Peer 1: 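Quick one: the structure is below, questions incoming.
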Amino acid sequence: MARSPVTPEELIARHGLEPLPFEGGRFRQTWAGPPDTASGHPVGTAIIMLLTSAAGDFSALHRLPTDEVWHFYQGDPLDLLLLHPDGTDELRILGDGDGEEFQLVVRAGTWMGARVRDGGEWSLFGTTMAPGFLESDYEGGDPDVLAARYPQQAELIRRLCRV
């Protein structure tokens, strides 16, 4: 039996999603493992997240000190900009269609930012980290600094920063 289309508002209500400060989008943490006594970090964390095509609704460029696994669940594909520490960059597509990736790993120290691909309406996805996320791990991107370091992506960098 085919499922009827779902709206972002229904997904927000169904999954109890709340605004994600600093980064953007709506999210809910679905798991946090016990704390590691040495680091204070949970052994792992997982979230679900929703982005829409509405103006200003994107995952702002940020980097983390731990690898992060992104998982696509449903909706339209995401453009995921990756700015690597070695000065290279790439645009990956998170989705379930041809040429898209259903799951991908963003390595620690890589700047990342995402938005719903042009022509799309919304995307529901998740991320998992081990060791887990703490708010103090989040480092937001400065558009001027990043555009100078990665000039070939300057336009997209400015679209994916909140500063």
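Just so it is clear, the structure is predicted and the values come from calculations on it, not from any experiment. Index from 1, following the sequence. These values consider heavy atoms only, across backbone and side chains, with no hydrogens, waters or symmetry-generated copies.
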Peer 1: Is V105 reachable from W70 through a run of I, L, V, M, F, W or Y residues, each pair having side-chain heavy atoms under 4.5 Å apart?
Peer 2: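 No, because W70 and V105 fall into different hydrophobic clusters, even though each may have its own neighbours under 4.5 Å.
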Peer 1: Taking T45 for its side chain and F133 for its backbone only, find out whether a donor-acceptor pair lies under 3.5 Å.
Peer 2: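 Side chain of T45 to backbone of F133: a pair is present.
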Peer 1: Could you tell me whether the side chain of R26 reaches within less than 4.5 Å of the side chain of M49, counting heavy atoms only?
Peer 2: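 They are not in contact (no side-chain heavy atoms under 4.5 Å apart), so the answer is no.
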Peer 1: Under 4.0 Å between a side-chain nitrogen and a carboxylate oxygen: does that hold for R92 and E101?
Peer 2: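 The answer is yes: the pair qualifies as a salt bridge.
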Peer 1: State, with a plain yes or no, whether a side-chain heavy atom of Q152 is found less than 4.5 Å away from one of Y150.
Peer 2: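 In contact.
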Peer 1: Using atom types as modelled and distance alone, determine if a side-chain donor or acceptor of D36 lies under 3.5 Å from a backbone N or O of H41.
Peer 2: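 Pair absent, no side-chain N/O of D36 close to backbone of H41.
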Peer 1: Given 3.5 Å as the limit, does a donor-acceptor pair link the side chain of E10 with the main chain of T7, or not?
Peer 2: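 Yes: the side chain of E10 pairs with the backbone of T7.
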Peer 1: Determine whether L50 and F27 fall in the same hydrophobic cluster, where Ile, Leu, Val, Met, Phe, Trp and Tyr are linked whenever their side-chain heavy atoms lie under 4.5 Å apart.
Peer 2: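 Shared cluster, no.
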Peer 1: Could you tell me whether the side chain of S53 and the main chain of V116 form a donor-acceptor pair under 3.5 Å?
Peer 2: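 A pair under 3.5 Å: no.
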Peer 1: Do any N or O atoms from the side chain of D79 and from the backbone of R115 form a donor-acceptor pair under 3.5 angstrom?
Peer 2: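 No: the side chain of D79 does not pair with the backbone of R115.
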Peer 1: Heavy-atom count around E121 CD within 6.0 Å, excluding the residue itself: above 12?
Peer 2: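 For E121, atom CD is not crowded (no more than 12 foreign heavy atoms under 6.0 Å).
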Peer 1: Are there more than 12 heavy atoms of other residues, nucleotides or ligands under 6.0 Å from atom CD of E135?
Peer 2: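 It does not: E135 CD has 12 such atoms or fewer within range.
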Peer 1: In this structure, are over 12 heavy atoms from other groups packed under 6.0 Å from R117 atom CZ?
Peer 2: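 Open: at most 12 neighbouring heavy atoms sit under 6.0 Å from CZ of R117.
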Peer 1: For the hydrophobic clusters of this structure (ILVMFWY residues joined by side-chain heavy atoms under 4.5 Å, transitively), does one cluster hold both V106 and L78?
Peer 2: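 Same hydrophobic cluster.
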Peer 1: So if you build clusters from Ile, Leu, Val, Met, Phe, Trp, Tyr with side-chain heavy-atom gaps below 4.5 Å, do L20 and W122 land together?
Peer 2: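 No, L20 does not connect to W122 through the hydrophobic network.
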Peer 1: Do we see a donor-acceptor contact under 3.5 Å between the side chains of T52 and D57?
Peer 2: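 Yes, because at least one side-chain N or O of T52 sits under 3.5 Å from a partner of the opposite role on D57.
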Peer 1: Give a yes-or-no answer on whether the side chains of T127 and H71 include a donor-acceptor pair shorter than 3.5 Å.
Peer 2: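 Note: T127 and H71 side chains miss the donor-acceptor criterion.
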